[in-house]
Amino acid sequence: MAPSAISPEPDAPLGTLTTTFDDTLRFYLNGTRVVLDDIDPEITLLEYLRGIGLTGTKLGCGEGGCGACTVVVSQYNPTTKQIYHASVNACLAPLVSVDGKHVITVEGIGNVKQPHPAQERVAKSNGSQCGFCTPGIVMSLYALLRNNDSPTEHDVEEAFDGNLCRCTGYRPILDAANTFTVSKKASACGNSKTNGGSGCCMENGGSGGCGGGAKEDGDQPIKRFTPPGFIEYNPDTELIFPPALKKHEFKPLSLGNKRKRWYRPVTIDQLLEIKSAFPSAKIIGGSSETQIEIKFKALQYPISVFVGDIPELRQFTLKDDYFEIGGNITLTDLEHLSEKTGKEYGARGQIFNAINKQIKYFAGRQIRNVGTPAGNLVTASPISDLNPVFLASDAVVVAKSKNKETEIPMAEFFQGYRRTALPADAILASIRIPLTKEKNEFFRAYKQAKRKDDDIAIVTAALKVRLSDDGIVEACTLAYGGMAAMTVAAKKTSEYLVGKKFAELETLEGAMNALEQDFDLPFGVPGGMASYRKSLALGFFYRFYHEVMTGLKEAEEVTDKEAVEELEREISTGAVDEQAAAAYEQETVGKSANHVAALKQVTGEAQYVDDIPPARNELYGCIVFSTKAHAKLLSVDYSAALDIPGVVDYVDKNDMPSPRANRWGAPHFQETFFAEDEVFTAGQPIGMILATSAAKAAEGARAVKVEYEELPAVFSMEEAIEKESFYNYFREIKKGDPEEAFKKCDYTFSGVARMGGQEHFYLETQASIAIPKPGEGEIEIIASTQNPNETQVYAAQVCNLPCNKVVVRCKRMGGGFGGKETRSVALSSLLAVAAQKTKRPVRCMLTREEDMIFSGQRHPFLGRWKVGVNKDGKIQALDLDIFNNGGWSWDLSAAVCERAMTHSDGCYLIPNIHVRGRICKTNTMSNTAFRGFGGPQGMFIAETYMTEVADRLGMPVEKFREINFYQPGDVTHFNQPITDWHVPLMYKQVQEESNYAARREAITNFNKEHKWRKRGLALIPTKFGISFTALWFNQAGALVHIYEDGSVLVAHGGTEMGQGLHTKMTQIAAQALGVPLEDVYISETATNTVANASATAASASSDLNGYAIFNACEQINERLKPYREKLGPDATMKQIAHAAYFDRVNLSAQGFYKTPEIGYTWGKNEGKMFFYFTQGVTAAEVEIDTLTGTWTCVRADIKMDVGQSINPAIDYGQIQGAFVQGLGLFTMEESLWLRNGPMKGNLFTRGPGAYKIPGFRDIPQVFNVSLLKGVEWKELRTIQRSRGVGEPPLFMGSAVFFAIRDALVAARRQYGVEAKVGGDEENGEGDDGLLRLESPATPERIRLACVDPIMEKARVVRKEGEQSFFIAI
C-alpha cells in the first residue's frame, strides 16, 4: 500500500567538499568482475540482481523479515581481519554497499545439472515445497558452511534464524542441513539415521561401538561422513574470494542523479566533511531501518551516506575499566566479541554477557551481519534490545563533528520518541561501555517478544545493582524498553533501592511497589498490552532480584531459585516412519519421491510469475487502495500522478465495459473490482496506476488525491452481533431433540469459544501478468492462482470477451493455502482491464504490505455453546451458535461457515444437536479460504467445549473424549454414517507410542515441584471431511499425450503451489502407463488444455485430478493393448508408441472424473456431505514460563490416516507443514487493527515485523510423524485408496494450544483457582475458576491467564470510557 509521498529536494551543500570522489562501482558477482558507472541510486541489491536476470533471489517481504532475498556478500572484515561470508538481505542492501565485495547468489553456487551439496541435500531431503523461500534458505546454509565447514547442530539452527518457510514445517530443512554437521555423537557413524542409514548400532540399542565409525581423538571433532546418495561436500572446491579484491582500493564514492545522491566515504574525516556540508544527510550502516522507511513510509533521503566501509568505525578496544566499540561494528561481530570476552572476563564481563544475550535473539543473522549499535542508538526505538543495556551500564556516546568531539552520557542521550541528543552535524563514532565491577556488582538483561527468534521486543530490560560489602544498595540503574516512548530508567525504584539492604524481602516488595508507580500504564497505552507489559517489568525485576540473591550467601534460604532460570529449548530432532507404505508400495505409486521441481527450486531455476522477463513495452500496475475503513468517496484526483515521468495511465471503475462487469463473487456479486461511490474497508482498490516501472507506479499511486467522508465502521464479531450487522445468511443443522435432552441430562454447561484469524503469508505475494493480443482480440494471463478457471471467467467479464479468447496459465505458485483461490482474481482482473485499455502487457506483484491489507485472511470465529451431559460423561445434547467474521464482502464466507458447522461435532457422537450459523458483516478485508476452510474453527469449538466440560465434571479430558468417540457405523449430525473409522485405534496407538501415561504422571509431579515452570499435555483427534461442499466443484479433467519417442505429457486442472500435486500426478500417470517416472512431465496448468477446472482446494485435488488422469491413461492403454501383446513385456513405451503412431492410433486422451455418491441438501439434512473423512491424532507436550508467558513445545507425536499413501514423502511434508501452520494459528499469529489515530481502521500487523509466523526454533523439540498402517480401508474408493492430506493435519497444531491450557490449569491450581466441579451453569461466565482461553494462546494471553501475585499486582483495570489500543476482530 503506497503511503503518502514525501520527496524533499536535495540539500545545497553548506560547505565545499575537498575530497575527490570516484563514481564507479567495482565488485564481483558469482566470480565475475562487474564495473558499473551508470547506477540508479534508488535501487537495492535485490532490484539490481533481478533486473539483470538473476531471479533466483526472491522478494518476499521487502523488510528483511523473511530471508527469501538472502545472498552472500564476501568481504574482508576490518574488525576480525578475516574474510567473512555474510548472509545479507538483498532487499535492504543498497547497491553502493557491495563495492569491493564478492556477491554470491543461488545461481552462482550450482545448477540443476551440477548442484552444490547444500542445494542437492535440501532437495533430496524434501526440504522444498513451494520453493519460493528455498533459495534464501540455501544461501543461509551456504554462508554457514563458508564460514564454518564443521558446524554443530546448534550452529545450523542459528544460521536459519532470519529465514521463514510457510510450507515445510522446517524439519526436513534441518535434516538436510544437519548432514553437514560434525559432532562427537554416535551419529558420526555412516549408518546412523541422521546420515541417511538404517540406524547405527548405538542408536539401535547396541552397547558397543561401531567398527566403521570414526573415533574421537581428544577434543577433535569426528570427521564428517557423507550420507549415501549425496554429493560429498568439499570446502576446497568453493568459489574463492577473488584475489583482485584482496588488493581492491576502497575509494570514496559519489554517485546518483538529481533525485538522490549516495556518498561512500572510507575515512572518518571524509565522513565528517560530508556531514558538515550536508547536516541532514542520512547516515546508513546496515540500511535495515532506512530501507523500511523508504519503502513503507515513503521517506526520501536525497543525500545518503553509506558508512559500512570505514574501518575506523568498526574497531574495538578493551581497557582496564571500560571497552569502546566503533559505532559501525556489525552486530554479528559484537555478538562474537561479547561472547568471547564475557568468558574471559568472568564477573567483570557481565556486561558482555548481557550484550551477547540481547544480540543473540535480535533479528535474524542477515540483519545482524549488517546492523550496527550506532544505528540502534540513533534510531532510538522505544523497544530496542541494546539501548537499555547501554543506559544501564552508564555508557557514553562519543559523537564527532568536523570541528569537535562530544561525549554524551546515555542518561542524557534519549530525548523523546525517536529523538536523541546527537548534534545535527555529528556522527556517532563510538560507544564507551564501563566494565562491571569485580565484586558486588550485578548486571543482567532480559527480553520478551511474541516469538523467540527474529522478533522485536514487547518489553526489554537491563538491570544493574551495586552493593556494599554488607549488602546495602550503593547504586542502581533499572533500564527498560517498551514501557514508554523511549528507553527509560525506573527512577522511583532506583531511588527507593539505594540505601536499602538488598537481601531483605521487604526491599523486594518495596521495589515492586515502586515499579508500579514508575510504569503506571493506562489501559489504552500506545502499543497495547498494558497488563502484560507491566507484568513483564515486574517479572524481570523479580527474576533479577533472585538471580542476584543466588550470589549472596546469606540470602540462600529466601531465594526463589526457580525464578532465575529462563526457558531454553533443546536442538530439534524428529522421526518419520519410512516403512509406512511398505505393504502397498508399487513400482511408482506408494514410494517416496522428491518433489519433481525440487532441484529447480533449490538452484533458483524454478520460474515464478515475477521471474518472467518483462516484455519490451510492458507496464507495471500499482493499486490505489482506500485508507479508510468505511467512507463515501467524494473525489479521486489522478492529475498529480499523471504528471510524474514514467506514469502512463490509470484504470478505475470508469474503464469497465458496464456497471455489471465491475461486480464479482458468485452467487451474490456484491463485491466490486474497483470502488464505486463508497469504500467498505481500508485496502479496497479505488484505481490502478500504470507506469514504466514498479517504483514509478508506486510513486504515482502515492500522488493520487482521494477525498473521503468517513462513516461508522464495524470490526469485531462482538460489535457486529451487538449492532446486528450480518449478511443475509442463516444455516442450521438439527438432529434429535436437544430441548428435551437438556431437560433430562444431569448437567448443563455453557461457554464461549473464540479464535482469531490468520494471514496466509505465502512467501510469493499475489502476482499476475496480463498480455493483450489486440490483433486477435485475445488476452493471456499468467497468474499465481489456485483458480485458473475463475481467473479466466472474470478476465473475460471485465474485458467483455468470451472465455475462449482468454487463456490463463499457472506454472507454479510460491504458496497458496487458499489465499489464491478467489482473491487472486481481484488482481488479475484489474490487470486485464489495464492491458486491454493500454494494449500493452501489464504486471503487478503486490508488496507484502499490500497483500496483507487486500487479500483476506482465515475467518475469525465465535461459538456460543451449551452442552448437556450425564454423570457418566456421556454427552446428550449440544446447542451451538456459530459466527464468523466475513469482512466487507461475501467471498466464500458462507461455505466456510457451513464447513465449520459440519465439523463442530469434532470426533464425538452427540445424539441431539442444533447448530446455527451466521456471518458477521464488518469493515475488514474480505476474509477468505485458508487451509481447513472452517473445519479447524469448527473443531476448535468442539475441543473447547470438550475441555471445559471435562474440567467441570472433574474428569480427565482424555477419558471424556474416549467415552464420546464415534464408533463405526454411527451417524453424524448431518446424517452421514461413519466408515473406515480409525480415530479410536490411533488414539490408543499414539498414547502407547508416545508413552503418554508415564509422561502424564511425570508432568503432574513436575508441576507440583515447580513454581514458575509448568508443563502440559494434550491428546487431540481430528476428523476432516473431504469434498467440496458445493457439489459441482467435485469434478476434474485431464489431458494425456504420449509422443512418438515414448515421453508423456500430462495436463490436468490442478495447480501446483508446493503441495506436490504434480509429483503425485506424474506418479499416477507413470504407474498407469507403465513408464519410468522421469518420462512423465507436467508443464503447467492452463485453461486451453483443461477447461472448466475446479479450484485446487478442499484437499480433493489428488482424488479428482488423479482419477481423471487415470481415466485418460486407461483409454490410451486400451488402444495400446494390441501393441504390448505384439511387442512383448520388455518393449519400451518408445517402441510401443512408435508402432501405434504408424498405425494411426490416437496417442492422446481426455480424462474425466466426478466424485460419486455425494450431494447434501441443507434444510432437509439429508444426502452425503463428504466422500470420506481423513483422520488423525496428535499428542503434544509443552513447557511454559509463567513469569513471562514464554513457552516451548517439548514434543509432538502425530499420526495420520491418509489411506494408502501415493507418496509418503510428500504426505509427511504436508503433515509437518500443516501442523506448524496450525501451531502458528493457535499460539502466535495475531492480526490487529488500529483503533485511533491517522491510520484508524487500518491493519497494523501488515508484515513480518509485526505479524509472527513460526520460525525454525518454534517447532517441537521432538517432532515425530507416522502414518496409520496395518488396517483395511474397505469403504475408501479413491485413486489408489489414498486420502486427501493437505488440510486435515492443520488442526493437529491445536494440540499445542490445549497442552498450554493444561499447563495453565496447573499454574492456577497452585494458587487455589480451578474449575468448580458439578452444578448447572448456564451463562458460561462468572468467578467459577474455569480457565477460558482464547486462541491464539500468545505469551500475553498465557501470562494474563496466570493468577500469581505478580500478575495480579500488574493487572491494569479498564476505566470507564477506556478502549484498547488495538482491535482484535
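There is no side-chain donor-acceptor pair under 3.5 Å between Ser828 and Ser768. No side-chain donor-acceptor contact under 3.5 Å links Tyr1160 and Ser1027. Using a 3.5 Å distance cut-off with no hydrogens or angles, the side chains of Gln1115 and Asn1111 do pair a donor with an acceptor. A side-chain donor-acceptor contact under 3.5 Å links Gln1280 and Gln586. Asp851 and Tyr762 are linked by a side-chain donor-acceptor pair at a separation below 3.5 angstrom, with hydrogens and angles left out of the test. Using modelled atom types and a 3.5 Å distance limit, the side chains of His595 and Glu1056 yield a donor-acceptor pair. Judged purely by distance below 3.5 Å, without hydrogens or angles, the side chains of Gln601 and Thr134 never pair a donor atom with an acceptor atom.
For Asp611 and Arg812, the salt-bridge test fails: no basic side-chain N is under 4.0 Å from an acidic carboxylate O. One finds a salt bridge joining Glu764 and Lys820 here, because a Lys/Arg side-chain nitrogen approaches an Asp/Glu carboxylate oxygen to under 4.0 Å. A salt bridge is absent between Lys113 and Glu605: the closest approach of a Lys/Arg side-chain nitrogen to an acidic carboxylate oxygen does not fall below 4.0 angstrom.
For Glu850 (side chain) and Cys622 (main-chain N/O), no donor-acceptor pair under 3.5 Å exists by modelled atom type. Side-chain atoms of Gln1204 do not come within 3.5 Å of backbone N or O of Arg1281 as any donor-acceptor pair.
No side-chain heavy atom of Trp1273 sits less than 4.5 Å from a side-chain heavy atom of Tyr1172.
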Quiz prompt | Ile769 vs Glu618, side chain to side chain contact (heavy atoms under 4.5 Å, CB included): CA-CA, chis, key distance, verdict | solution = CA-CA 9 Å; Ile769 306 171; Glu618 191 168 288; 4.3 Å; yes
